[in-house]
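One structure below.
What you see is a predicted model; the values in this text were computed from it and never measured.
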Amino acid sequence: MAHSVLSQVPVAVSVKNDVSLRKSVFKSNNVSFQEKMWASSLSMDFRIASFKSRARPVVCMSVQQASKSKVAVSPLSLEDAKDPPLHLFKNKEPYTGTIVSVERVVGPQAPGETCHIVIDHGGKVPYWEGQSYGIIPPGENPKKPGNPHNVRLYSIASTRYGDFFDGKTASFCVRRAVYYDPETGKEDPSKKGVCSNFLCDSKPGDKVQITGPSGKIMLLPEDDPNATHIMIATGTGVAPYRGYLRRMFMEDVPTFKFGGLAWLFLGVANTDSLLYDDEFSKYLRDYPDHFRYDRALSREQKNRNGGKMYVQDKIEEYSDEIFKLLDSGAHIYFCGLKGMMPGIQDTLKKVAEQRGESWDEKLSQLKKKKQWHVEVY
C-alpha cells in the first residue's frame with residue numbers, strides 16, 4: 001500500500017488569548033492514500049477561524065520531525081501522580097469541554113464513517129493512557145422524559161498530553177452508528193446512535209459534557225519500560241493503543257523511556273478503513289526493533305483456509321511467538337466490539353491445545369499476573 005507523506009514547513013504563529021484554540025502552526029499538507037486525501041493526524045491543521053487564542057506561539061510536530069527527535073510535552077507535573085485520576089467529574093456535574101476539531105479519518109471505500117475528534121478540557125480533566133471519558137449527548141432521554149441522556153463511554157485516543165502536547169485536550173476515535181432496516185436496506189435515522197452522531201456532526205466551538213475519567217484495566221503498566229505489549233484491536237478499538245504508541249515513540253517523557261516491544265494487530269474491513277496508519281507505519285520505519293504492526297483486512301485478504309482474514313487469523317499465524325512472549329511476561333490487550341472476543345478465545349484455546357496446554361489454566365494465570373487486559377463494548 002503505497003502512500004507518501006509530503007514535506008511540511010513550520011510556520012510561526014502567534015496566538016492570543018483563549019484556551020479553546022490550539023491551531024497547528026503547519027500548513028495543511030496531506031497524506032495521500034490512493035485517491036483519497038487525508039489531513040495528517042500528526043500535522044493537526046484544525047481549520048478554526050473564529051476563535052480567540054492565547055498570546056503564545058504553539059508548536060505542533062510534523063510526522064517527519066517526530067521521527068528525528070521526540071516531541072517535548074508539558075506540563076510534566078502530569079507524571080507526578082502515583083495513581084490514575086478517577087471520576088473527577090460525575091454524571092450530575094459534568095465538565096463542559098469544547099470541540100476543537102472533527103476530521104473524517106477513513107477513505108471513501110470504508111464501510112461507515114469514522115472521525116477523529118479533539119476536545120479541549122482546559123487541563124481540568126486529566127487522564128492517563130488507556131482511560132475513558134463519559135460523554136452526555138445533549139437532549140432528553142426518550143426513556144426517561146425530563147432527564148438527560150445516559151452517559152456513553154469512549155476510550156481516549158491520545159496521551160495525557162493530548163494531540164497538541166500541552167495537557168489540555170483529549171481525542172476520540174468515533175464511528176458513526178447508523179441503523180439499516182434489514183427489509184428495505186435503507187437507513188433509519190430514528191434508530192441512529194445518539195452520541196456518536198452528535199460527536200461526528202459537531203463543529204469547532206461546540207460544547208460537550210464530559211464525565212470521568214474512568215477505567216483501570218487498560219492502563220499501560222510502566223513499571224518495566226522494557227516489557228512487551230501485544231495490542232489487539234478491531235476498528236475504533238485501536239483508540240487506547242494510539243495513546244500508548246505516541247507515549248512510547250513520539251513524546252519525550254523524561255520519566256518513561258520505552259525500550260521493549262509493542263506489537264499491534266489491527267483488524268478492519270479494508271485499506272480505506274485503516275486508522276492512524278500513517279502514524280503506525282512511521283513508528284515501524286523508525287523503531288523496527290521495538291514496534292511490529294500487523295493488519296487484518298477482512299474484505300481484501302484471505303486467511304490460510306481461503307476465508308476472510310480476521311484479527312484472530314493473524315493471531316493464529318503468529319501464535320507460537322505470541323505464546324512464548326506471554327510465557328515471558330508479555331501483556332496482552334484486547335479492545336473493540338465485544339463480538340471480537342469469542343473468535344479470538346477459540347483461536348487461543350485451539351493453539352493452547354495444540355501445544356499441550358490447558359487454555360483455561362493459562363488464562364487464569366495471565367489474569368492472576370495482570371497480563372490480560374480486555375475492554376470491549
With a 4.5 Å cut-off on side-chain heavy atoms, are [Y] and [X] touching?
X: Leu199; Y: Tyr154; answer: yes
X: Leu275; Y: Thr114; answer: yes
X: Phe280; Y: Leu264; answer: yes
X: Ser196; Y: Arg152; answer: no
X: Arg247; Y: Phe258; answer: no
X: Arg285; Y: Phe291; answer: no
X: Val311; Y: Leu266; answer: no

Derivation of the side-chain contact (heavy atoms from CB on, under 4.5 Å) call for Met231 and Leu245
CA-CA 10 Å; Met231 300 163 280; Leu245 294 168; 3.8 Å; yes
Is it true that Asn197 and Arg176 share a donor-acceptor pair across their side chains at a distance under 3.5 Å?
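Yes, side-chain donor-acceptor contact under 3.5 Å.
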Between the side chains of Tyr310 and Asn303, is a donor N or O closer than 3.5 angstrom to an acceptor N or O?
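The answer is no; no qualifying pair exists.
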May I ask you to establish whether Arg295 and Tyr293 are in a cation-pi arrangement, using a distance under 6.0 Å from NZ or CZ to the six-membered ring centre and at most 45° from the ring axis?
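Checked: cation-pi criterion met.
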To check you understand the geometry: which heavy-atom pair defines the closest contact between [X] and [Y], and what is its length?
X: Asp201; Y: Lys203; answer: O-NZ, 3.0 Å
X: Phe249; Y: His290; answer: CZ-O, 3.5 Å
X: Ala296; Y: Lys314; answer: CB-CG, 3.8 Å

Does [X], at its [atom1] atom, have more than 12 non-hydrogen atoms belonging to other residues, nucleotides or ligands within less than 6.0 Å?
X: Lys362; atom1: NZ; value: yes
X: Arg355; atom1: CZ; value: yes
X: Lys338; atom1: NZ; value: no

With the threshold set at 4.0 Å, does a side-chain nitrogen-carboxylate oxygen contact exist between Arg160 and Glu129?
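Yes.
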Using 4.0 Å as the upper bound for N to carboxylate O, is an ion pair formed by Asp163 and Arg246?
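Yes, Arg246 and Asp163 are salt-bridged.
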Are Met248 and Leu76 joined in one hydrophobic group, where the rule is that I, L, V, M, F, W and Y side chains link up if heavy atoms are under 4.5 Å apart?
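As far as the 4.5 Å side-chain criterion goes, Leu76 and Met248 are connected within one cluster.
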Check for me, please, whether Ile156 and Val151 land in the same ILVMFWY cluster - side-chain distances under 4.5 Å, paths through other members count.
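They do not share one cluster, since no chain of ILVMFWY contacts under 4.5 Å joins Ile156 to Val151.
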Side chain to side chain donor-acceptor pair (under 3.5 Å) partner of Tyr127, chosen from Ser158, Ser214, Ser132:
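That would be Ser158; it is the only one of Ser158, Ser214, Ser132 passing the side chain to side chain donor-acceptor pair (under 3.5 Å) with Tyr127.
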Using the side-chain contact (heavy atoms from CB on, under 4.5 Å) definition, which of the options Val106, Leu297, Val238 pairs with Leu274?
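That would be Leu297; it is the only one of Val106, Leu297, Val238 passing the side-chain contact (heavy atoms from CB on, under 4.5 Å) with Leu274.
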Going through the checks in order, is the side-chain hydrogen bond (donor to acceptor under 3.5 Å, both in side chains) test met by Gln345 and Trp359?
CA-CA 9 Å; Gln345 291 263 33; Trp359 173 243; 3.1 Å; yes
Do the ring centers of His116 and Tyr276 come within less than 6.0 Å of each other?
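Ring centroids of His116 and Tyr276 are less than 6.0 Å from each other.
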Report yes if the distance between the aromatic ring centroids of Phe334 and Trp372 is under 6.0 Å, otherwise no.
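Yes, the ring centres sit under 6.0 Å apart.
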